[in-house]
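Data first, discussion second: the structure below is written as structure tokens.
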Amino acid sequence: MSGILDDLNPEQLAAVKCTEGPELIIAGAGSGKTRVLTSRIAYLISLGVPPERILALTFTKKAAGEMKERIAAMVGDRQARRIWMGTFHSVFIRFLREYAEAIGFPATFTIYDQTDSVNAVKTVIRQLGLDDKNVYKPREVQSRISRAKNDLVTPTPYANGEGGYRDSDKIHKKPEIYKIYAEYCKFCKTSGVMDFDDILLYTNILFRKSEEALTNIAGRFTHILVDEYQDTNLAQYLILKKLASVHHNLCVVGDDSQSIYAFRGAQIQNILNFQKDFPETRLFRLERNYRSTANIVNAANSLIANNEGRIPKNCVSMGSAGEKIRLMRAYTEGEEAFQIASAIISRMRSDGASYDDFAILYRTNAQSRALEEQLRRRNIPYIIFSGNSFFERAEVKDLMAYFKLAVNLRDDESFKRIVNKPARGVSENTVKELADFAFGRGLCLFEAAMSPELETSGLRGPAIKHLREFCTMMQGFAADSGDAYKAAMSIAHESGLYLFYKSDESVEGQSRFQNIQELLDSVAGFVEEQHEEYRNGLVEEGEVEDASEVPESALPVVTLGEFLENISLLSSVDVADDETSNKVALMTAHSAKGLEFPYVFVAGMEENLFPGGGWTISPKELEEERRLFYVAITRAKKAVVLTYADTRMRNGRHENNQPSRFLTEIAPQYVENPIRKERSLGGASSLLGGSGGSGSRFGGGSWRSSDFGSGNFSTSTSRKPGFGDVRASKNTTSPKPTSASAWEIKSAIQSRPKPAEVDPDFVPDPMSSFREGDRIEHNRFGKGTMGSITGTIPDLRAEVTFDLYGKKILLLKHAKLRHIK
DNA sequence: CGGCCCCGCGTTTTT
DNA sequence: CGCGGGGCCG
């Protein structure tokens, strides 16, 4: 116990020892906020607070898991596992299941992710006879509804003009959104599903409606702690306020400079106004940065100083000055990726770094493609943390839909998806008729299909028969509340889906079948994991000596419902550790929040991309982009490299963007070769004059200047012997099959291995590195001499005289060429 | 009734 | 360039 307070600096110590009353901890990046949070919880327990009376909320499962682990190290696993620690969503779901009846939901309600939600909105729009193509675009409408829910504006007040939503809808010529909203809510209720926003919304509604629920739930906790408070939205804020209303023991930790989720309703005011909400608040500032070098911290400070209305703070690095921030300019996104790969390799040589010391961050997921391609080409192992590409695959969704429907027969979206997959004689028209029938009577599809009245509808006998057969089968699945894996297997087989996919012998078909297999494996993995957890629990409680003593029969039943819930709440960074080991990490700047790496690259530092992933952005949005960039660079411990490209392929078209304004907002003394602010374009070298004009801008030969930062790069592209030693032994292909858990699978698939190159060892040089007269080698035509280079970037053409094949014109962006020593 | 192909569309970020 | 939806053909 005594170790809990050791090694804390004075500010951290003060924050930890302040255990009663509202507390606001402003924690700069890298200032040890997790440390404070975990120490504070451990300290509370050491003071005699029962662990189960402590509620600690985070945004990601990963953050919760890490905290739990660290607390366990201080107070022991046995105590740590009793704490109510988890994500907002997972904890609130637990409350909602308990009181589901009070808000008119079945306790077994299932969760819709955003895709499900958009699909449901779409069906509702169609159901209402509105135009879902040009006017009421489902995505847009869904995000509108989402915003309203985050503001706790339910359909009735929405329709009555509260919050100004309706007026705004009218201005945007979408006056009927309020109807869609109302109908969508009804749809979800009928279907027994909640979307992400509902989890927060209905928790509020529950607390408003049922005094008993509120006092009961709030009464369980004497101390509440919240991580990343700057990212809470109104709904979360109100829940916290209610839970803490009696004791006010609410400790929130956050950094207004890292608020990056306004787009999903986060209110930066929550942290800015905390002291107004709780006047007796005690405020602590953690300003000592233990993560990054002084150059990085100072650079970040100088950047964020461009934002207004911040909580004043002065972050200071506890480390050495370190390297300056490096800028790298490239012609295209492909070359940018190439340079990053080169820089990684050269850094590994010079610093003895390993792959997992590196992260490549970017603004949009689409940017990962070019990066992947180059990394793969150079045999650098990597892992992409991004959306749910595995769970977005059609075949996976199919099987998941069976699972979902089995757990919740009222889930209409899943019903529609699989009712005729594999084909069982239920036509699209039949489903439409059924849906109309159901809609008219407020039934879900399942109920409608089983309704005796269905005979009187326009549906024909055989159609009804097929529908009912399907329903009966699903009913059978639903009755199975046993082991998730057994249930999953029998569903896969008895539904015919397994065979359906197995029998497709095409290459893609086999890959689809593999995904089905992997999904099933992941169910098995999940069950095993839960059992493991349970066994360890018994050991901790002293019930048994050894985990192996626990007999199979004594293990709790892990249901399919639990599996589904786990999957739906997984975030992009929730990946098994062994999947990330010794791999370069690729992710969006958003996903990187809360993580740290020795070396960080930020790719795509261009106007209209970062800042401005989309189009014109408001001053407020610009500030959020700046905070996002602040988050990105403060992930780095040792070095930051910022890269940008003159031209970038987007939507299939080439775009010429100027270097990001953020590059000049960092005070130049922290940057190795700063871009001069006065010059709006062209970076350090003036070679590229106008924006996208034509004419040969190559061939001057003068560009070799400092475009690549420290020159570290330009020569390192030569292939040296021993290069092969950086090749990954276990690259990014999928791991062992049997005990893989869902997130392992997810990450394995995300790395999308591609077919092998003609010559996998051939590492081409960047197209900008060639000059007339160079001796080069082509991976097919062999050796040759570079002739004149013409054309405009990125469509540079080179006339090459090959020793064996003679003169050829090559498009540089496609040709695989390298220098010969 | 189902599967295939073509066209047109659109693109932040995520629990 | 990649996806989804719709239309057309077998």
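We name chains A, B, ... by the order of the sequence lines, and we start the count at 1 in each one.
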Gap between atoms CZ and P, on Phe92(A) and dT15(B) respectively (whole Å): 17 Å

query: What is the nucleic acid contact for Lys421(A), judged by heavy atoms within less than 4.0 Å: base, sugar-phosphate only, or nothing?
result: nothing

query: Between dC9(B) and Asn134(A), is there an OP1 or OP2 to side-chain N/O distance shorter than 4.0 Å?
result: no

- request: Let me know the distance between CG of Leu200(A) and P of dT14(B), rounded to the nearest Å.
  value: 18 Å

field: Side chain of Lys122(A) (C-beta onward), nearest among dT13(B), dG5(C), dT14(B)
entry: dG5(C)

message: Counting the atoms with a prime plus P, OP1 and OP2 as sugar-phosphate, which does Phe88(A) contact under 4.0 Å by heavy atoms, base, sugar-phosphate, or nothing?
response: nothing

Nearest-Å distance for atom pair CZ/P, residues Arg369(A) and dG2(C): 6 Å

- request: Please determine if Asp197(A) and Arg264(A) form a salt bridge, counting it only when a charged side-chain N lies under 4.0 Å from a carboxylate O.
  value: no

field: For atom CZ of Arg653(A) and atom P of dC1(C), their distance in whole Å
entry: 10 Å

field: Protein-nucleotide distance (Lys397(A), atom NZ; dC3(C), atom P), rounded to Å
entry: 12 Å

- prompt: For dC9(B), does either OP1 or OP2 sit under 4.0 Å from a side-chain N or O belonging to Lys137(A)?
  reply: no

query: Which nucleotide, dT13(B), dT15(B), dG2(B), lies nearest any side-chain atom of Thr364(A)?
result: dT13(B)

task: Report which part of the nucleic acid Gln114(A) touches: base, sugar-phosphate, or nothing (heavy-atom distance under 4.0 Å, all strands).
output: base

- prompt: Base, sugar-phosphate, or nothing for Asn420(A), non-hydrogen atoms under 4.0 angstrom?
  reply: sugar-phosphate

task: Take the protein atom CG of Asp116(A) and the nucleotide atom P of dT15(B), then report the distance between them rounded to whole Å.
output: 15 Å

task: Using a heavy-atom cut-off of under 4.0 Å over every strand shown, decide if Arg126(A) touches base, sugar-phosphate, or nothing.
output: sugar-phosphate

field: Residue whose closest nucleotide on DNA chain B lies nearer the 5' end, Lys133(A) versus Glu428(A)
entry: Glu428(A)

- prompt: Under the 5.5 Å and 30° test, is Phe196(A) stacked on the base of dT14(B)?
  reply: no

query: So, for His590(A) and Phe263(A), is the gap between ring centers shorter than 6.0 Å?
result: yes

statement: When rounded to whole Å, the CG to P distance for the pair Asp131(A) and dG6(C) reads 11 Å

statement: Between Arg648(A) and the options Glu606(A), Glu655(A), His654(A), the side chain to side chain donor-acceptor pair (under 3.5 Å) test singles out Glu606(A)

message: Below the 4.0 Å mark, does dC1(B) have OP1 or OP2 next to a side-chain nitrogen or oxygen of Ser427(A)?
response: yes

- prompt: Step by step, would you call Lys149(A) with Asp198(A) a salt bridge (Lys or Arg N to Asp or Glu O under 4.0 Å)?
  reply: CA-CA 7 Å; Lys149(A) 285 183 179 175; Asp198(A) 285 334; 2.7 Å; yes

task: Please confirm whether Tyr362(A) and Phe610(A) have ring centers closer than 6.0 angstrom.
output: no

- request: Quickly work out the Arg147(A) CZ to dT15(B) C1' distance and round it to whole Å.
  value: 18 Å

query: With a 4.0 Å cut-off on heavy atoms, is Ser591(A) in touch with a base, just the backbone sugar-phosphate, or nothing at all?
result: sugar-phosphate

message: Using the ring pair (Phe, Tyr, Trp, His ring centres under 6.0 Å) definition, which of the options Phe92(A), Phe109(A), Phe105(A), Phe196(A) pairs with Tyr202(A)?
response: Phe105(A)

- prompt: Does Tyr261(A) or Val426(A) map to a spot on DNA chain B nearer the 5' end, using the closest nucleotide for each?
  reply: Val426(A)

